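Structure first, commentary second.
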Amino acid sequence: MTDHNSDTTAPLTRGEVTSDSPFTLPGFFAALAEGDLLAAACEDCGKRLIPPRPACYACGGRNLRAEPQPKTGTVVSYTEVRTPPPALADRGPYTVAIVELDSGARLTGRLTVPYADASIDMAVRLSARAPDADEREMALSYETEWPIHEFEPV
C-alpha cells in the first residue's frame with residue numbers, strides 16, 4: 001500500500017492537478033486498488049468528501065487534505081436496482097446502499113446481499129475487487145481498470 005497520509009493537500013491551481021493526485025477520480029481509484037480508502041477532509045468546516053475533490057461542496061473551501069478512512073460503517077439507505085444497465089443485465093436485481101463510514105463520511109456502493117436481506121443500520125465492511133468483463137464493457141476507456149467497491153455485512 002502507498003502511504004496516503006494527511007500531509008497531502010488539495011491542488012489549488014490547474015497546474016497542480018495531476019491524474020495521480022488523490023483529489024482526482026483516477027488517483028482515488030488507484031489508492032482504492034492499493035487498499036486505501038481516501039477522503040478529502042475540509043479544514044474549514046470538517047466535512048469529509050468521498051471521493052476526494054479539490055473544493056468542499058459543503059462550504060466551498062479549498063483548504064482540504066487527503067485523509068485515510070475506515071472501511072467499516074452502517075447502511076443509512078438502500079434500494080434495489082431491478083433494471084440494470086444492459087451490460088449488467090445478468091446481475092439484476094442487485095442492492096445499492098449509502099453507507100456512513102465510522103468516520104462520518106458517506107459512500108454509495110453495492111451491497112453483496114439481496115435487497116430482502118439488507119437493513120438500515122446494518123454493519124458493513126468495504127472491499128474492492130477488479131472489475132469483471134461485463135463491468136469493463138460498460139466502463140469508459142479510462143475506467144476499465146478502476147476497482148469495484150462493494151459493502152459486505154459484518
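Only this structure's heavy atoms are used, side chains among them; waters, hydrogens and symmetry mates stay out. A quick note: this is a predicted structure, and the numbers were derived from the prediction, not measured.
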Worksheet item: What closest approach, in Å, do Leu32 and Ala128 show between heavy atoms, and which atom pair accounts for it?
Response: CG-CB, 4.0 Å
Worksheet item: Counting distance only, does the side-chain N/O of Tyr94 pair as donor-acceptor with the main-chain N or O of Arg110 below 3.5 Å?
Response: no
Worksheet item: Can you hop from Met138 to Trp146 via hydrophobic side chains spaced under 4.5 Å?
Response: no
Worksheet item: In Å, rounded to the nearest 0.5 Å, how long is the span from CG of Asp132 to CG of Asp90?
Response: 11.5 Å
Practice prompt. Show your working on side chain to side chain contact (heavy atoms under 4.5 Å, CB included) between Val76 and Val99 and close with a plain yes or no.
Written response: CA-CA 6 Å; Val76 296; Val99 171; over 6 Å; no
Item to complete: Find the distance between CG (Asp102) and OG1 (Thr74) and round it off to the nearest 0.5 Å.
Response: 7.5 Å
Item to complete: Check whether Leu49 and Phe28 end up in the same hydrophobic cluster, where Ile, Leu, Val, Met, Phe, Trp and Tyr are linked by side-chain heavy atoms less than 4.5 Å apart.
Response: no
Worksheet item: What about Leu107 and Tyr57, same hydrophobic cluster or not, with Ile/Leu/Val/Met/Phe/Trp/Tyr joined at side-chain heavy-atom distances under 4.5 Å?
Response: no
Item to complete: With rounding to the nearest 0.5 Å, note down the distance linking CZ in Phe29 to NE2 in His149.
Response: 6.5 Å
Practice prompt. Evaluate side chain to side chain contact (heavy atoms under 4.5 Å, CB included) for Leu88 paired with Val81, printing each intermediate quantity in order.
Written response: CA-CA 11 Å; Leu88 302 179; Val81 176; over 6 Å; no
Worksheet item: Is the backbone N or O of Pro131 less than 3.5 Å from a side-chain atom of Arg136, with the two atoms forming a donor-acceptor pair by type?
Response: yes
Worksheet item: Could you go step by step and tell me if Phe151 and Val113 meet the side chain to side chain contact (heavy atoms under 4.5 Å, CB included) rule?
Response: CA-CA 9 Å; Phe151 292 100; Val113 298; over 6 Å; no
Worksheet entry | Residue pair Val75 / Ile98, side-chain heavy-atom distance below 4.5 Å | no
Response to the item:
Quick note, side chain to side chain donor-acceptor pair (under 3.5 Å) partners involving residues 111-124, not counting sequence neighbours, are none
Fill in: Derivation of the side chain to side chain contact (heavy atoms under 4.5 Å, CB included) call for Arg91 and Glu135
CA-CA 10 Å; Arg91 293 179 183 247; Glu135 293 162 326; 3.5 Å; yes
Fill in: Least distance between heavy atoms, Arg62 atom then Pro54 atom
NE-O, 3.0 Å
Could you list the donor-acceptor pairs under 3.5 angstrom formed by side chains in residues 41-48, with sequence neighbours left out?
{"residue": "Glu43", "atom": "OE2", "partner": "Arg65", "partner atom": "NE", "Å": "2.2"}
{"residue": "Arg48", "atom": "NE", "partner": "Glu67", "partner atom": "OE1", "Å": "2.5"}
{"residue": "Arg48", "atom": "NH1", "partner": "Ser103", "partner atom": "O", "Å": "3.2"}

Fill in: Atom pair OH/CG of Tyr78 and Leu111 - distance to nearest 0.5 Å
9.0 Å
Worksheet item: Name the one of Leu38, Ile50, Asp36 that satisfies side chain to side chain contact (heavy atoms under 4.5 Å, CB included) with Gln69?
Response: Ile50
Worksheet entry | Counterpart residues, salt bridge (Lys or Arg N to Asp or Glu O under 4.0 Å), relative to Glu80 (two or more places apart) | Arg82
Discussion item. Please give me the minimum heavy-atom distance between Thr95 and Ala118, naming the atom from each residue.
Written reply: CG2-CB, 4.3 Å
Worksheet item: Can you hop from Leu25 to Leu140 via hydrophobic side chains spaced under 4.5 Å?
Response: yes
